[in-house]
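Heads up, the thing below is written out as C-alpha cells.
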Amino acid sequence: MSDSPSLPSTAVAKPTHFLADIVASDQAAGRYEGQVVTRFPPEPNGYLHIGHAKAICTSFILGQSFGGRCHLRFDDTNPETESDEFVRSIQGDVRWLGFDWGEHLYFASDFFETMFELAIDLIERGLAYVDSQSGEEIRSNRGTVTQAGTHSPFRDRSVAENLELFHKMRAGDFANGAHVLRAKGDMAAANMKLRDPLLYRIRNTPHHRQGAKWCIYPMYDFAHPLEDALEGVTHSICTLEFENNRDIYDWVIDNVDQSRLKTQPKQYEFARLNIGYTVMSKRMLRQLVEKGHVAGWDDPRMPTIAGMRRRGIRPQAVRHFVERVGLAKANSQVDAELLDGSIRDDLNFEAPRVMCVTDPLSVEIRNLPEGQVEWLDASYWPHDVPKTGSRQVPFTRNLAIEREDFAEVPPKKWRRLSPGAEVRLRYGFFIRCEEVIKGPDGKIEKLICSYDPKTRGGDSADGRKVQGTLHWVSADKGVPCELRVYDRLFRVENPGADRDFLEDLNPENLRVTHGIIEPAAASSAGLEEQRFQFERQGYYWADPVDSSKDALVFNRIVGLKSSWSKPALKTPAKPKAQSKPKKQKVGKRPELSPELAAAAAALQALGAPKADAEILVSEATLAPWFTGAVAAGATPKTASSLVVNELRRAAGDTPLDALVCTPEQLAELCGLLDAGKISSKGGKAILAVLVEKGGSASALMAELGLEQISDPAVLRPMVEKVLADNQANVDAYRGGQKGLRGFFVGQAIRATGGKGDPKVLQALLTELLG
RNA sequence: UGGGGCGUCGUCAAGUGGUAAGACACCAGGUUUUGAUCCUGGCAUUCGCAGGUUCGAAUCCUGCCGCCCCAACCA
C-alpha cells in the first residue's frame, strides 16, 4: 500500500498454515486488489498474555509476509472496563514482541460518529429498530437453542419513531437499559446470534478517550466488522469462539451503507493457545493478582507478556515458540515443555556461562594458604557456541560449592563429591574431600579438601580421570546474591478442572535462596539486559525491578534440562502412553420411515444395492439421477455408485436439480466405466466436466485423452522402465518396505500419461516386483 | 436438544485419491572440563469407530461416537 511504507515485508518468511493458504488464494484471485491487511484488536481491559502473543504473531506475520500490513486497533467499545493504562501496556507488549504497526494505530472509539451514522442509515432503511423491552424480556424472548424466539412488541415501530428514540438515546435522555438498538434479524434463526442482535446500548459512563461525549456505545457485533471495513482490513482473524458471530459480521458488512466502507473484510478463526500447568483467562489471571497469589501482572510466574519479560524470556523465544506451536482449528493444549525448550534454545547461544552457587556449602582447601589467590582463565562460552571471550576467576582457600553436589553416602552413578572422592572444579583444580565437618544438629557445615596444584585449569598431568565437574565460587571474593527460582504456577496440567483453580496452585512455584556469584558476573549483572547461564543450574538474569548493584537479585528464567535426578526425588514420568481405548461403542443406524423404506425397496427392485438405495431416497433430488440413468441403459450398480459417491461432491454448491448435465449423459459415462474404457479416476475427471458443462461422456473422454490403455504388451515396457529408474526403491520394496507399492503405482500411472489401466498396472507390478 | 466447529504419534501439526512430512517429548549410542549443548540412530503397517465406493482411501460416500462453542445490554 503506497501510504504505508512502514513495515519491512521482505524479512518475514511466509507461513504455511491454512490462513496463509486463504490469503494466497485471495491474492491469486486478485481479491482486494491483491492487498492484505490484518489487525490485532485487543480490548484495553487487561494485560496481554502468551495466548495473545500467538494472535499477534499470526496477524502481523501474515500481513507482512504477503506484502501487506497489520494494524493495532483498540476495541474500546465498553467504557466500563477499559483504561489508558491498558492501552499503554498493550502497545509496549506488542512492540516488545518486535512488531510495528507504523501509522496504523486505531481506536474503535474514533469511529463512533461514523458508526452512529451507519446505524441511522440502517434505521432509515428499516433494518434496525429501537427496542424498549427490559434486558430480561429480551433474553426470554430470544427463545432457546431448540425453540424460536418471539418478536419484540417494539419491532414494528415507524422509522420516524425509531429515529427520534435513537437520537434521544444519544442525547442522554434515558437511563441505562431503557432502550437498545437492534438489527432486524431472524428471531427463528438456528444461529442464536442472528436473533435480532443488539447494536447499541445505553451506558451513561464516560469513555477513557471520548470523555462524556457518548452515552450510547456500539456492541461488539456491530462495531467490530465496521472497524475492520473502515480501516481497510481484508482478513479479520480471531479465535474459534467467534465462529458463531461470523454470520452477523457478514450481515453488517452486507447491509450497511457500502459507500462508507473501504473493504469488505472476511472473518477467519483459529484455535487459541492453551498451555499446560497455567491459566490463560483474564478472569483467572486477575484473581491471581487481586488475591495476592502473585506479586502483580508482571510477576515472573505469570503467563503475561509483562511477566515473561520480567522473568527474562526474550521475545525471540516467544516468537519461536509460537512458530513451533503451529496454527490450526483443532482445540489443543500445548506441552509446557515446548515453551521451556524454546527459551533454552534461544538463550543457549545468547547467555555467557558463569558460575553461581545457589545453595552454598563451605569448602576449605587445606593446602592453599589463606590470602593466596590463584586467578584462573575461564571461557564465557562452551566449545560449540561460536563466540569468544573469557574472564578471570579467583580460586582461594575458602570456597563454596552447591550443597546438593556433595553426598556423604553417594548413590549409584554419583558423579559429584563424596568423602575420599576426587572431582574437578570447573576451570580450576581437582579437589579431594578429606573431612566432613558437622554442626551439633548433624548438618554438614563444611568440607575440608585438598587440591592438586598440578591440575590447574582442570587437566591432570598424569592423565588420571575424575568422576565429575562441579561449579564453585570463591567465598573470599564472591558476591552474595538472592536467587528466585520459579516453577510451574500450578501443580496440575489443567487447573480448575476438578476444583477451584486456586486450589491447584503449586505451593512451590517460587523458591528463594541466597547464594554467591563470581565477581566478574556480579559486576556485569543488570547491565544491558545481561542474561547468564549459571553453569549446571539454568539461565538467570538480574530482576529488573528488585535487583541493585548492592543487593543482587536474580530470576531463574528457565532451568537446564537434566537427565539426572536423585532417585528419591525422581518425578514420576508422565503416565506412559496409556493407549486410547481401541474399541468404542458403535451407534445404531436410524430406521427409515415406512415411506422411505418403500421408496428404497422400489430402487432395490431396479437393481440398486440396499445401502445405496437408502441413501438415494434420503434426498428428493438424488433418486431421479439414478432412475433416469438406469432408464437410459446404465447398469444399476454403476449408476447408484456414481450418484451416491461422486455426483454430489462433483456438483459442489449447485443443487442437483439445477445441474446442466442429464441422467442420460450419466448413463453414457456408466457405459464407459463398465466397458473398461476409462478408469474410475478418468470417470471422475469426466464427471467434473459434465456437471459444469454437460455433454457427451465419450466425446469428453476423447477430448481429455482419458481413454484407458489396457494392453499389457503396451504397458509392460513402461512399467519396466519405472522399475529400472527406481532401482533403490525396488530394492527397498523387496527388502520388505511394502509401503512403496503405492509409489510404484503412482509412478507407473504417471509414466502412462494417466491412461494406463491401474488394474493391469497392478498386475504387472506384482509380476515384476515379485 | 437446534445450529456452528473439531477429531492424524505422549503433545502440537502437515497431508484433500498414489511412499503417513516436520517439531517438541521420549529411547539408544557418540562427543563433552555443564548429568547442558551438539551429533547419529530409533520412535503412527495406520489417521475417533463401523460400513461402503475404488486397482488403490487419512483423503470420496453413509451412519455412529467423542470433545469445544452459541440462549451478556462482554469482547
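Labels below follow one simple rule: chain letters A, B, ... track the order of the sequence lines, proteins then strands, and each chain is numbered from 1.
- Within the 6.0 Å centre-distance limit, the rings of A:F107 and A:F74 are counted as a close aromatic pair.
- A:N331 meets the side-chain contact (heavy atoms from CB on, under 4.5 Å) test with A:L240; sequence neighbours excluded.
- An OP1 or OP2 oxygen of B:rA75 is reached within less than 4.0 angstrom by no side-chain nitrogen or oxygen of A:T81.
- A salt bridge links A:E614 with A:K610: at least one charged nitrogen is closer than 4.0 Å to a carboxylate oxygen.
- The nucleotide whose nearest atom lies closest to any side-chain atom of A:K329 is, among B:rU1, B:rA75, B:rC6, B:rC6.
- The base of B:rU34 sits within donor-acceptor range of the side chain of A:Q533, with an N or O pair under 3.5 Å.
- Applying the salt bridge (Lys or Arg N to Asp or Glu O under 4.0 Å) rule to A:D346 yields the partners A:R314; only residues at least two apart in sequence or on another chain are considered.
- A search for side-chain contact (heavy atoms from CB on, under 4.5 Å) contacts involving A:A751 returns A:V722, not counting sequence neighbours.
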Taking N or O atoms only and anything under 3.5 Å, show me the protein contacts with nucleotides 19-24 of chain B, one pair per line.
| residue | atom | partner | partner atom | Å |
| --- | --- | --- | --- | --- |
| B:rU19 | O4' | A:G739 | O | 3.3 |

N/O-N/O pairs, protein side and nucleotides 67-71 of chain B side, under 3.5 Å:
| residue | atom | partner | partner atom | Å |
| --- | --- | --- | --- | --- |
| B:rC68 | O2' | A:N331 | ND2 | 3.2 |
| B:rC69 | O2' | A:N244 | ND2 | 3.4 |
| B:rC69 | O2 | A:N244 | ND2 | 3.3 |
| B:rC70 | O4' | A:N244 | ND2 | 2.9 |

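- A:F242 pairs by the ring-ring contact (aromatic ring centres under 6.0 Å, His included) definition with A:Y220, not counting sequence neighbours.
- Not counting sequence neighbours, the partners of A:N494 by the side-chain hydrogen bond (donor to acceptor under 3.5 Å, both in side chains) test are A:Q333.
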N/O to N/O distances under 3.5 Å, protein versus nucleotides 55-58 of chain B:
| residue | atom | partner | partner atom | Å |
| --- | --- | --- | --- | --- |
| B:rC55 | OP1 | A:K759 | NZ | 3.3 |
| B:rC55 | O2 | A:Q762 | NE2 | 2.6 |

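- Note on A:R649: only backbone sugar-phosphate atoms sit closer than 4.0 angstrom, heavy atoms only; bases stay farther off.
- With sequence neighbours excluded, the residues forming a side-chain hydrogen bond (donor to acceptor under 3.5 Å, both in side chains) with A:R272 are A:E241, listed by chain and number.
- Take A:S618 and apply the side-chain hydrogen bond (donor to acceptor under 3.5 Å, both in side chains) test, not counting sequence neighbours, and it matches no residue.
- Nucleotide B:rA71 is shown with an anti base, its glycosidic torsion being more than 90° from 0.
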Salt bridge (charged side-chain N to carboxylate O under 4.0 Å, His left out) assessment of A:R464 paired with A:E422:
CA-CA 10 Å; A:R464 79 179 186 275; A:E422 190 176 42; 2.6 Å; yes
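- One finds no side-chain N or O of A:R415 lying less than 4.0 angstrom from the OP1 or OP2 phosphate oxygen of B:rU32.
- For an aromatic pair to be called close, the ring centres must be under 6.0 Å apart, and A:Y733 with A:F743 fails this.
- When ring centroids are compared, A:F154 and A:Y129 stay outside the 6.0 Å threshold.
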Report the secondary structure of RNA chain B in dot-bracket form, marking unpaired bases with a dot and bases paired to a different strand with |, and treating Watson-Crick or G-U pairs with both distances under 3.5 Å as paired.
.(((((((.[[[..)..(...]]].(((((.......))))).....[[[[[..)....]]]]])))))).....
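- Residues satisfying the side-chain hydrogen bond (donor to acceptor under 3.5 Å, both in side chains) test with A:T150, not counting sequence neighbours, are A:N141.
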